[in-house]
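See below for the structure under consideration.
Counting starts at 1 for both ligands and their atoms, following the listed order.
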Amino acid sequence: MWRRVTSLSPFISSSKPSIRNQASYGGKIWELFTTEILTPAKAGISSDEKTPFITFVVGGPGSGKGTQCAKIVETFGFTHISAGELLRREISCNSEHGSMILDSIREGKIVPSEVTVKLIEKEMESSKNNKFLIDGFPRTEENRIAFERVIGAEPNFVLFFHCPEEEMVKRLLSRNEGRVDDNIDTIKKRLEVFTALHLPVIKYYSEKGKLYKINAVGTVDEIFEQVRPVFAVCEATK
Ligand SMILES: Nc1ncnc2c1ncn2[C@@H]1O[C@H](COP(=O)(O)OP(=O)(O)O)[C@@H](O)[C@H]1O
Ligand SMILES: O=c1ccn([C@@H]2O[C@H](COP(=O)(O)OP(=O)(O)O)[C@@H](O)[C@H]2O)c(=O)[nH]1
Ligand SMILES: [Mg+2]
């Protein structure tokens with residue numbers, strides 16, 4: 001079981017996100033980020049079994065994060081922690097924050113970091129595994145900083161699923177999972193939030209050489225063939 005070694009630091013309070021006009025990024029900004037060549041040294045692979053191996057899986061809504069995570073789990077034995085699923089679980093069990101989370105999800109807004117990070121921390125601590133895929137998180141710089149402070153760790157690398165908006169909208173509208181946020185109005189808001197708040201996270205990890213960009217257009221299997229070598233590097237060093 002993985003245990004946090006650093007002491008809890010104060011959570012960062014959530015501030016209201018400012019939504020910048022998508023046009024200010026020219027729609028092509030994601031093209032600036034290139035795919036890293038992943039090596040064991042870059043991934044920070046260590047032989048210490050107690051050190052958690054953390055991969056963040058990020059990308060726009062409908063880019064295929066959850067679908068690819070299922071394949072990574074099946075093939076490489078990671079524990080999948082979906083931030084969105086953890087939040088939806090809080091809604092279904094009417095927890096303390098359930099109604100606030102529901103309102104945020106309905107509006108396509110980001111739930112305060114302190115809530116999400118605490119849920120992720122609980123999942124990590126209760127897992128017997130030490131390899132984690134953290135899906136749909138961090139969505140903002142504030143999320144990222146809160147994770148690092150509370151968990152006391154950085155991801156070994158970050159998988160970024162890059163997908164054109166039209167494709168993401170098409171996929172979300174046919175997802176059919178009965179989600180309150182898979183309707184065109186909320187989808188538009190989610191895309192705005194993604195464009196406005198996610199870029200600094202991508203930029204941060206790109207500058208650290210931890211970003212692995214995946215072209216998320218194609219069949220599920222074709223996309224997995226881009227993902228597989230990233231994890232195969234980790235396997236090869238075991
Ligand atoms: N490569 C793909 N091509 C077409 N549809 C896809 C692909 N990958 C996932 N999907 C479908 O698109 C929808 C969104 O995928 P999902 O994995 O839930 O994305 P995310 O977690 O990024 O929102 C789902 O209905 C899924 O079955
Ligand atoms: O770290 C997170 C992850 C998700 N969400 C909320 O949960 C929704 C659904 O997230 P999920 O990752 O399930 O959506 P996906 O990107 O997979 O469609 C988001 O739009 C946000 O409102 C959040 O606030 N913080
Ligand atoms: Mg998902």
Side-chain angles (χ1 to χ4, degrees), residues 11-12 14-17 19 56-74 80-92 97-123 133-147 150-151 155 158-198 201 214-227:
F11 286 101
I12 299 175
S14 113
S15 57
K16 279 216 159 120
I19 312 283
F56 285 158
V57 180
V58 299
S63 58
K65 303 180 292 297
T67 304
Q68 293 296 325
C69 281
K71 292 186 76 76
I72 298 163
V73 166
E74 201 181 288
H80 181 200
I81 300 179
S82 158
E85 287 299 332
L86 294 180
L87 294 170
R88 284 187 285 277
R89 205 200 285 168
E90 292 300 288
I91 299 171
S92 353
H97 298 297
S99 67
M100 175 276 288
I101 295 172
L102 177 59
D103 289 346
S104 300
I105 291 184
R106 267 207 188 113
E107 287 302 311
K109 290 183 179 155
I110 306 299
V111 171
S113 299
E114 67 211 60
V115 172
T116 315
V117 173
K118 207 176 259 179
L119 294 171
I120 294 173
E121 183 189 32
K122 231 164 87 186
E123 287 296 298
L133 280 181
I134 302 188
D135 165 10
F137 180 96
R139 286 175 125 88
T140 66
E141 269 291 89
E142 193 201 65
N143 275 174
R144 176 186 74 70
I145 293 164
F147 181 92
V150 174
I151 306 294
V158 178
L159 276 190
F160 167 44
F161 288 93
H162 175 56
C163 192
E165 274 196 16
E166 317 80 74
E167 176 67 18
M168 294 196 278
V169 173
K170 201 173 84 188
R171 290 180 189 177
L172 292 172
L173 289 175
S174 50
R175 182 150 57 181
N176 260 334
E177 288 177 0
R179 279 176 50 165
V180 295
D181 54 349
D182 281 349
N183 59 77
I184 192 63
D185 292 337
T186 312
I187 290 170
K188 278 185 192 155
K189 291 179 190 162
R190 290 158 73 194
L191 287 169
E192 275 181 17
V193 167
F194 171 72
T195 308
L197 302 182
H198 205 55
V201 177
I214 304 289
N215 169 18
V217 182
T219 66
V220 170
D221 287 343
E222 279 165 358
I223 295 164
F224 188 62
E225 288 315 310
Q226 294 177 65
V227 169

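Protein heavy atom at the shortest distance from atom 23 (C) of ligand 2 is L87 CD1, 3.4 Å. The shortest contact between atom 12 (O) of ligand 2 and any protein heavy atom is with R139 NH1, 2.9 Å. Residue, atom and distance of the protein heavy atom nearest to atom 21 (C) of ligand 2 are K109 O, 3.4 Å.
Using a 4.0 Å cut-off between a side-chain N of Lys or Arg and a carboxylate O of Asp or Glu, K189 and E192 do not qualify as a salt bridge. By the 4.0 Å N-to-carboxylate-O rule, R175 lies close enough to D182 to be salt-bridged with it. Contact check on E167 versus R171 returns a salt bridge, with a Lys/Arg side-chain nitrogen under 4.0 Å from an Asp/Glu carboxylate oxygen.
Contacts between V111 and ligand 2 below 4.0 angstrom, taking non-hydrogen atoms only, involve backbone and side chain alike.
Residue contact check: R88 has heavy atoms under 4.0 Å from atoms 9 (C), 13 (O) of ligand 2. For ligand 2, the atoms lying closer than 4.0 Å to a non-hydrogen atom of I110 are 24 (O). Near R190, meaning under 4.0 Å from any of its heavy atoms, are these atoms of ligand 2: 14 (O), 15 (P), 18 (O), 20 (O).
Considering backbone and side-chain N/O atoms, E85 never comes within less than 3.5 Å of an N/O atom of ligand 2. Any N or O atom pair closer than 3.5 Å counts here, and R179 shares at least one such pair with ligand 2. Taking any N or O of P61, backbone or side chain, none lies under 3.5 Å from an N or O belonging to ligand 2.
Partners of R144 according to the salt bridge (Lys or Arg N to Asp or Glu O under 4.0 Å) rule, which considers only residues two or more places apart in sequence or in another chain, are E141, E148. Under the ring-ring contact (aromatic ring centres under 6.0 Å, His included) criterion, F161 pairs with no residue, sequence neighbours left out. Listed by chain and residue number, R228 satisfy the salt bridge (Lys or Arg N to Asp or Glu O under 4.0 Å) test with E225 (two or more places apart in sequence, or in another chain).
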Tabulating one pair per line, provide the atom names and distances (0.1 Å) for every N/O atom of ligand 1 that is less than 3.5 Å from a protein N/O atom.
| from | atom 1 | to | atom 2 | distance (Å) |
| --- | --- | --- | --- | --- |
| ligand 1 | 1 (N) | G218 | O | 2.8 |
| ligand 1 | 17 (O) | G66 | N | 3.4 |
| ligand 1 | 17 (O) | T67 | N | 2.8 |
| ligand 1 | 17 (O) | T67 | OG1 | 2.5 |
| ligand 1 | 18 (O) | R175 | NH1 | 2.8 |
| ligand 1 | 19 (O) | G64 | N | 3.2 |
| ligand 1 | 21 (O) | G66 | N | 3.0 |
| ligand 1 | 22 (O) | S63 | N | 3.2 |
| ligand 1 | 22 (O) | G64 | N | 3.0 |
| ligand 1 | 22 (O) | K65 | N | 2.9 |
| ligand 1 | 22 (O) | K65 | NZ | 2.8 |
| ligand 1 | 23 (O) | G62 | N | 2.9 |
| ligand 1 | 23 (O) | R175 | NH1 | 3.0 |

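Using bins of under 30°, 30° to 60° and over 60° for the plane-to-plane angle, the ring pair F147/F56 lands in the perpendicular bin.
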